[in-house]
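The structure under discussion appears below in the form of structure tokens.
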Amino acid sequence: MGFTRIENKRMNEHYYRMEHSSGLTVIVYPKKGFRSAYACIGTKFGSIYSQFDFNGKRVSVPDGTAHYLEHKLFESEDGDAFSKYAKTGASANAYTSFDMTCYLFSCTDRFDESLKILIDLVQSPYFTEETVAKEQGIISQEIKMYDDSPDWRVMMNLFKGMYHNHPINIDIAGSVETIADITPGVLYECYNSYYNLHNMVLTVVGGVDPQEVLDIVDRNIKPSAPVDTRIILPDEPYGVVTDYTEQALPVAVPQFEFGFKEDSTGKYATNRELIATSILMNAFVGESSPLYRRLQDEKLINSSFGYEYLEGLGYRAVILSGESRDPKAAAEIISEAVRDLHRNGLDREAFENARRVVYGKQSAGFDYKQSIASELINCEFTGRKIFDSCDAIADITLEEVNGRLAKQLDADNSCLSVVKGIDGIAE
Amino acid sequence: MSEFIRKKICEGVAFSSVTDDRFKIGRQSATLIVPLSRENAAANALLSCVLSRSCREYPDFTALSRKLDSLYGAALYPSVRKAGENQMITIAASGLEDRYALDGESVSQELAELLCSIIFDPDMTDGRFREENVEQERRQLIETIDAELGDKRQYATKRCIELMCRDELYSVSRYGSREQVEALTNDELFRAWENLKNNAQTEITMFGSTSPDKAYEGFRARFENMPRKPVGNYIKQITPDEVKHYTETEELAQSKLVMGFRCLGTNDGKEKLENALMSAVLGGTPTSKLFLNVREKQSLCYYCVSNVQSAKGIMMIDSGVETENIEKTEKAVLEQLSLLQNGDITGEELGNAKLALKNSLLSSLDSLAALQSYYTAGILTDSLMTPAEAAEYVGSITAERITELAQKVQLDTVFSLVGN
């Protein structure tokens with residue numbers, strides 16, 4: 001079976017997708033006139049996959065295992081991947097999020113060699129007592145760096161304040177204590193359960209030809225038989241754990257994240273739901289909104305203020321964040337505005353205005369290889385399609401956005417997380 | 001993609017453009033450069049925020065934001081940075097390419113006009129900026145300055161530079177001091193505006209698919225009778241007499257170690273690349289000496305990175321470590337530097353670093369944002385090459401040259417931010 005060409009005329013964009021006989025989904029997104037290429041292999045295995053059934057057997061792994069595995073996969077029996085990439089000049093990296101792990105490189109030359117390295121990297125696990133132990137010092141320092149990061153702490157504290165049981169309330173990298181329990185056996189178990197080609201996607205974006213990519217995949221992939229692996233997520237109630245949480249760190253301006261937890265529905269959000277939320281939030285808190293103006297006039301926010309939509313398997317929340325001298329006062333005004341919004345709904349002018357903004361932002365994403373690649377992988381893992389968002393922007397209605405609002409921004413189900421200064425340092 | 005074209009508008013003012021139709025978002029910018037000054041840095045920084053907030057035609061934040069929204073979420077970004085001992089104030093604008101506009105409007109021309117208005121037609125009456133705009137931006141700039149204290153890696157590096165260069169202009173923060181921002185008057189802002197408008201070395205850029213001719217004419221009409229002298233480019237080469245150690249303590253899980261070195265200071269395009277390659281070999285890539293030895297072999301840290309600022313002649317190496325490992329890490333870093341100074345550089349190390357640097361230069365050709373920042377950072381570079389020429393030049397640099405440059409690297413100041 002060959003590639004299917006998928007295009008969007010409105011955006012003048014297209015890509016090629018196929019389910020390779022090995023089990024791997026392969027997507028090639030050529031960018032005309034590009035000299036560089038960006039390739040990424042993602043596996044649907046992140047920090048929330050801490051409990052799962054593998055071929056009928058229940059497995060629980062220490063917090064931080066997915067991230068640890070990401071570090072260790074760079075090493076194989078014949079050396080480490082960074083040294084291999086160094087010979088092709090590719091710039092390589094990897095990251096672990098709550099719901100996936102991605103391995104990537106970007107290059108301007110010798111693409112075929114780099115892609116082979118990437119494919120080998122995810123297919124040649126090599127974990128020994130010694131190599132696993134060596135990583136503890138490095139990852140401990142990574143964890144401690146995040147422990148001191150106000151941005152990270154304020155976010156993790158919010159997740160702990162919103163979620164009772166869902167593992168999104170646990171740090172992606174785990175803790176210095178939990179990673180001490182990670183053994184080669186644990187890593188192999190996760191590897192065998194989730195680094196299966198049927199659970200993985202390769203995307204290549206840039207100056208490449210689909211056939212060229214396919215040839216390299218054909219030559220280097222080791223097919224894998226499908227496995228039966230299922231994530232086990234605990235039940236999560238609708239309500240938040242607490243409406244307020246704080247931590248003191250040496251910062252001079254307090255930071256806040258104000259989250260509105262919503263019903264996760266047990267499913268991933270659709271493209272239309274995401275676009276409706278973007279339009280709603282741009283209208284509600286964008287720089288031209290009355291709420292932004294009021295918060296600014298009252299000296300409660302600065303240009304760091306913004307929103308994001310947190311969304312994945314078993315969790316959904318709108319989050320407003322920023323720096324503020326008085327996060328509680330900011331949150332109070334936001335809550336009041338949320339109640340008004342529910343009473344009055346979004347008006348047509350604000351809707352049309354926000355729709356233009358979202359269209360511009362959406363277009364911008366197609367200029368960046370990284371953002372295309374990560375969005376494609378995200379779409380594969382969530383059942384969305386990258387161009388459906390473009391179509392949704394074109395034909396979404398105000399009624400649809402207001403319908404979405406009815407299920408979001410519950411002012412009675414919010415949590416404010418604050419990182420404030422340590423007494424004597426902050427004002 | 002067209003060549004990079006740079007046209008002189010008048011003495012000290014240039015307009016550069018790249019015509020490229022591969023993207024959906026075009027980028028424009030105005031960069032004003034003045035010598036760094038203890039007295040004026042704060043005023044220039046605050047001014048850039050006040051100017052980007054509104055203009056005569058859109059006289060408050062909400063009005064200007066609405067205008068930007070109507071241009072499909074176009075954005076204005078003021079930023080301030082140091083380039084050697086100069087202060088660079090950039091107001092960048094990005095917006096949808098005209099052919100993607102739904103109602104046939106020319107977003108790029110409107111943005112070019114807006115950028116011009118922001119610089120020349122601010123929202124002011126009788127020589128005074130609107131007070132509420134000044135107060136709003138003053139508060140926000142103070143918060144930005146304060147927020148820098150929260151990012152410990154950034155703070156530690158900034159502090160090390162302040163201590164190392166305490167008797168040099170380079171110790172002036174890009175935003176000036178908090179106290180200065182607090183004390184600025186409307187008159188001082190007005191004078192800073194007049195000064196920047198009339199005296200700053202200025203570079204306008206327009207990157208995207210729209211022909212730059214109309215925007216060029218717009219800026220030319222404003223600037224042609226306002227010649228000014230380009231800023232000086234002199235670098236004082238400093239040799240440290242002894243190594244200074246400073247320590248501060250804070251409630252942190254991880255300690256930060258920052259080592260400040262003196263190195264060859266230069267504005268020459270080729271020498272800057274040579275310095276960059278030397279730094280890449282030492283600590284700029286995942287196969288550099290610092291990464292392989294301090295992180296991988298000794299497991300002392302998650303990051304240990306070198307960063308060279310040729311226009312000032314300094315190189316900073318920073319890492320996050322356990323408190324009890326601070327000295328050990330310092331020693332490990334110096335050992336690796338000393339190896340490099342003694343000519344211990346394999347063909348593989350040099351080759352790897354060259355490929356990494358070339359990759360990063362050539363990658364910038366596929367992003368207007370990266371290209372714009374490459375050319376903006378290079379405004380003060382003598383005989384600046386295109387990214388492709390630069391990549392080619394990198395290939396020709398010899399191991400001997402790297403050793404020679406490493407030998408110019410001398411430790412000056414060590415700053416430790418110790419967690420307790």
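Only a predicted model underlies this, so the values are computations on that prediction, with no experimental measurement involved.
With chain A as the partner, the residue from B:T287, B:L149, B:L96, B:D69 showing the most heavy-atom pairs under 4.5 Å is B:D69. Of the listed residues (A:P290, A:A364, A:G365), the greatest number of heavy-atom pairs within a distance under 4.5 Å of chain B belongs to A:A364. Note: B:R139 leads B:Q140, B:R22, B:R139 in heavy-atom pairs under 4.5 Å with chain A. Among the candidates B:L300, B:L365, B:L355, B:T144, the residue making the largest number of heavy-atom pairs closer than 4.5 Å to chain A is B:L355. Among the candidates A:V357, A:I138, A:N302, the residue making the largest number of heavy-atom pairs closer than 4.5 Å to chain B is A:I138. The candidate with the highest count of non-hydrogen atom pairs below 4.5 Å against chain B, out of A:E135, A:R110, A:Q255, A:M11, is A:M11. Ranking A:S83, A:G137, A:S36, A:G286 against chain B, the residue ahead of the rest is A:S36, based on heavy-atom pairs under 4.5 Å. Ranked by heavy-atom pairs under 4.5 Å with chain A, the first of B:E348, B:K297, B:E148, B:R53 is B:R53. Your options are A:V419, A:N93, A:D367, and the one with the most heavy-atom pairs under 4.5 Å with chain B is A:D367. Taking A:S289, A:S324, A:S288 one by one and counting their heavy-atom pairs under 4.5 Å with chain B, the maximum is reached by A:S288.
With a 4.5 angstrom heavy-atom cutoff, B:S367 touches chain A only via side-chain atoms. Heavy atoms of B:V107 lying under 4.5 Å from chain A are absent altogether. In this structure, the portions of B:A147 lying under 4.5 Å from any heavy atom of chain A include both its backbone and its side chain. Looking at A:S91, both its backbone and its side chain come within 4.5 Å of chain B, counting heavy atoms on both sides. For A:Y38, no part sits under 4.5 Å from any heavy atom of chain B, backbone or side chain. Neither the backbone nor the side chain of B:Y155 has a heavy atom closer than 4.5 Å to any heavy atom of chain A. Of the two parts of A:F366, only the side chain, counted from C-beta on, holds a non-hydrogen atom closer than 4.5 Å to a non-hydrogen atom of chain B. The contact between B:Q136 and chain A is made entirely by side chain atoms (from C-beta outward), counting heavy-atom distances below 4.5 Å. Heavy-atom distances place no part of B:N325 under 4.5 Å from chain A, backbone and side chain included. For chain A, the nearby part of B:K256 is the side chain; its heavy atoms alone come within less than 4.5 Å. Heavy atoms closer than 4.5 Å to chain B are found nowhere in A:E349, neither backbone nor side chain. Proximity to chain B (any heavy atom under 4.5 Å) is restricted, for A:Y359, to the side chain, taken from C-beta onward. Interface remark: A:D151 contributes no atoms to any contact with chain B (heavy atom separation under 4.5 Å).
Residue A:E323 holds its CD atom at 11.0 Å from CD1 of A:I301, rounded to the nearest 0.5 Å. The OG atom of B:S364 sits 10.5 Å away from the CZ atom of A:R35 when rounded to the nearest 0.5 Å.
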So B:D318 and B:K152, salt bridge (charged side-chain N to carboxylate O under 4.0 Å, His left out) or not? Walk me through it.
-> CA-CA 11 Å; B:D318 81 317; B:K152 295 306 161 187; over 6 Å; no
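Taking the six-membered ring for Trp and the full ring otherwise, B:F61 and A:Y292 have centroids separated by under 6.0 Å. Two rings, from B:F207 and B:Y374, have their centers 6.0 Å or more apart.
For the pair B:R178 and B:E182, the salt-bridge criterion is met [side-chain N within less than 4.0 Å of a carboxylate O]. Under 4.0 Å is where a charged nitrogen must lie from a carboxylate oxygen, and between B:E392 and B:K354 no such pair does. With salt bridges taken as basic N to acidic carboxylate O contacts below 4.0 Å, one links A:K134 and B:E296. Remark: B:D60 engages A:R293 in a salt bridge, criterion side-chain N to carboxylate O under 4.0 Å.
Using a distance-only test at 3.5 Å, with no hydrogens or angles considered, no donor-acceptor pair links the side chain of A:K299 to the main chain of A:R325. In this structure, A:D171 contributes its side chain and A:G174 its backbone to no donor-acceptor pair below 3.5 Å. In terms of modelled atom types and a separation under 3.5 Å, the side chain of A:T88 and the main chain of A:A90 share a donor-acceptor contact. Without hydrogens or angle criteria, A:E298 side chain to A:L295 main chain gives no donor-acceptor distance under 3.5 Å.
Annotation: cation-pi geometry not satisfied between B:R66 and B:Y58 (NZ/CZ under 6.0 angstrom from ring centroid, within 45° of ring axis).
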